[in-house]
Colleague: 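If you scroll down you'll find the structure; I have some questions about it.
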Amino acid sequence: MSQIAQSHGLAQGALAGQVNVDLSAISDNIKALRKRSKAPHFMAVVKGNAYGHGLVDIARTALSAGADWLGTAQLTEAVALRKAGITAPILSWLYLASQTSATIREALENDVDVSLGSAEQLRVLAGIATQLGKVAAVHLELDSGLSRGGARMEDWADLVTAARAAELDGTLRVRGIWTHLAWADVPAHPGNSAAVADFERAVQAAHDAGLAPELRHVSSSANILDRPEFHFDMVRAGLAIYGLAPADHLNPADFGLRPALTATAPLVMVKRVPAGTGVSYEHRSITHEPRFLGLIPLGYADGIPKGITGRSLVSINGKRVPVIGKVCMDQFMVDLGPSADGIRVGDTAVLFGDPATGAASADDWGSAIGSHGDEIINRIAPRLARSYSAGYECPDYQEDGRDG
Ligand SMILES: *Cc1c(COP(=O)(O)O)cnc(C)c1O
């Protein structure tokens, strides 16, 4: 495997912990998902620094594997992609509508498509587009029940009328209509069909108002796997491209998906302690017999959740060992057992990675704390060293004259 990007971590992070992202897993996952999707277009969602995997590297890999759109929540991430030379269409859906917003101005200057879900947002976008002499490409967002962004059904008619007027004024172009499902992670839930029925009425209302959006998009990962009738013109894939479970009943491996991210740390101490030894703050764990303990130089400052005590989530030399005692800010202990079994200082502890290797997955860590894998990977602190590997050469992207 070729190392294709260097560590972005602090020097201290290189000692403590390491995150490796296998770009070939991202690439294979996208190819598998594209095959499964009935939609002609495929958006790779790279919000949250690509779910902690690294914004630009993942975006480039996704585009070379067959994604043709990128999605971010924040406009600043979309602009960062443009500054890295990425020219593929990008949609962003979360911003503060303000006439003085430098962020919106920069997004429009950089040809970022933006979501539009209220009369207020429309006024602001049209105003900034007029100042710039640009036509803002927008995707109208229906609030189909998530009660997050977007216009509710009862406000939809006014929104499409105003959007059509702005199109005729030459300030906006409605390129898409979309919604995000409240029951996205429970594909069989009847709330999904009801929301999609509303969505279809909303699309019809847009057509009736004279709009001609090319892209209708509704489905995130779980519905890509489970509800082909919700795919429309484009799907928006997040969790599944990272090989994480988009729903409790959907095991990524069953769909040929595997986690791309592996987190490891070196064992910095191995010691034998007698029976009756209290471990970590407040001695919440006490050994019942002589045991060997291993010290791992990662803690909750690195995103290790406190709730993993007692869980066998760490693998060392192929053996799963439980976390013992409270997780500290920079370190925690594992119980290696009555014998160290050849485990030595400097051996690599795999925290989470591809379960096919015997390691715990980020989803296993998530369920240990009553959450999901995405919360685990999104918590990983920037101080961990990062590297990228791939079984192929990463495509070189042409810089298009923008500053890197
Ligand atoms: C996060 C997000 C997605 C991707 O969801 P996954 O479940 O991670 O696939 C799609 N669309 C929107 C609007 C999102 O916020």
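Order of listing sets the numbers, starting from 1, for every ligand and every atom in it. Just so you know, these numbers use all the heavy atoms, side chains as well, and skip hydrogens, waters and symmetry mates. Quantities reported herein were computed from a predicted structural model and do not represent experimental measurements.
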Colleague: For ligand 1, is there an N or O atom under 3.5 Å from any N or O atom of Gly238?
Modeller: yes
Colleague: Considering only protein heavy atoms, which is closest to atom 9 (O) of ligand 1, and at what distance to one decimal place?
Modeller: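 Among all protein heavy atoms, the one nearest atom 9 (O) of ligand 1 is Ser221 OG, 2.5 Å.
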Colleague: Between Ser387 and Gln18, do the side chains contain a donor N or O and an acceptor N or O under 3.5 Å apart?
Modeller: yes
Colleague: Could you pull out, from His180, Glu141, His217, Lys47, the option with a heavy atom nearest to atom 2 (C) of ligand 1?
Modeller: Lys47
Colleague: Could you identify the single nearest non-hydrogen protein atom to atom 11 (N) of ligand 1 and state the distance to 0.1 Å?
Modeller: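 Here the nearest protein heavy atom works out to Arg236 NE, 2.8 Å.
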Colleague: Would a 4.5 Å heavy-atom cut-off, applied to side chains only, mark Cys328 and Tyr281 as touching?
Modeller: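 Cys328 vs Tyr281: side chains touch.
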Colleague: Just need the protein heavy atom nearest to atom 13 (C) of ligand 1, so name the residue and atom and give the distance.
Modeller: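 Nearest protein contact, heavy atoms only, for atom 13 (C) of ligand 1 is Trp178 CZ3, 3.3 Å.
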Colleague: Would you tell me which option among Tyr51, Tyr242, Trp93 has the nearest heavy-atom contact to atom 4 (C) of ligand 1?
Modeller: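 Minimum heavy-atom distance to atom 4 (C) of ligand 1 goes to Tyr51.
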Colleague: Which is closest to atom 5 (O) of ligand 1 by heavy-atom distance: Pro246, Ala245, Ser220?
Modeller: Ser220
Colleague: Is it the case that the side chains of Asp68 and His41 hold a donor-acceptor pair, with the cut-off being a distance below 3.5 Å and no angle test?
Modeller: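 Yes - a donor-acceptor pair under 3.5 Å links their side chains.
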Colleague: If I take atom CG from residue Leu132 and atom CD1 from residue Ile104, how far apart are they, to the nearest 0.5 angstrom?
Modeller: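 That separation rounds to 10.5 Å.
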Colleague: List the closest protein heavy-atom neighbour of atom 7 (O) of ligand 1: residue, atom name, distance to the nearest 0.1 Å.
Modeller: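 Of every protein heavy atom, Leu239 CD1, 3.6 Å lies nearest to atom 7 (O) of ligand 1.
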Colleague: Between ligand 1 and Arg148, can you find any atom pair, the residue atom being a heavy atom, that is separated by under 4.0 Å?
Modeller: yes
Colleague: Between Asp185 and His372, is there a side-chain donor-acceptor contact under 3.5 Å, judged purely by atom types and distance?
Modeller: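 Judged by distance alone, the side chains do not pair up.
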Colleague: Going by atom types only, do Asn20 and Thr264 share a side-chain donor-acceptor pair under 3.5 Å?
Modeller: no
Colleague: What is the ring orientation for His217 with Trp178, classed by angle as parallel under 30°, tilted 30 to 60°, or perpendicular over 60°?
Modeller: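 Taking Trp178 first and then His217, their aromatic rings lie parallel (interplane angle under 30°).
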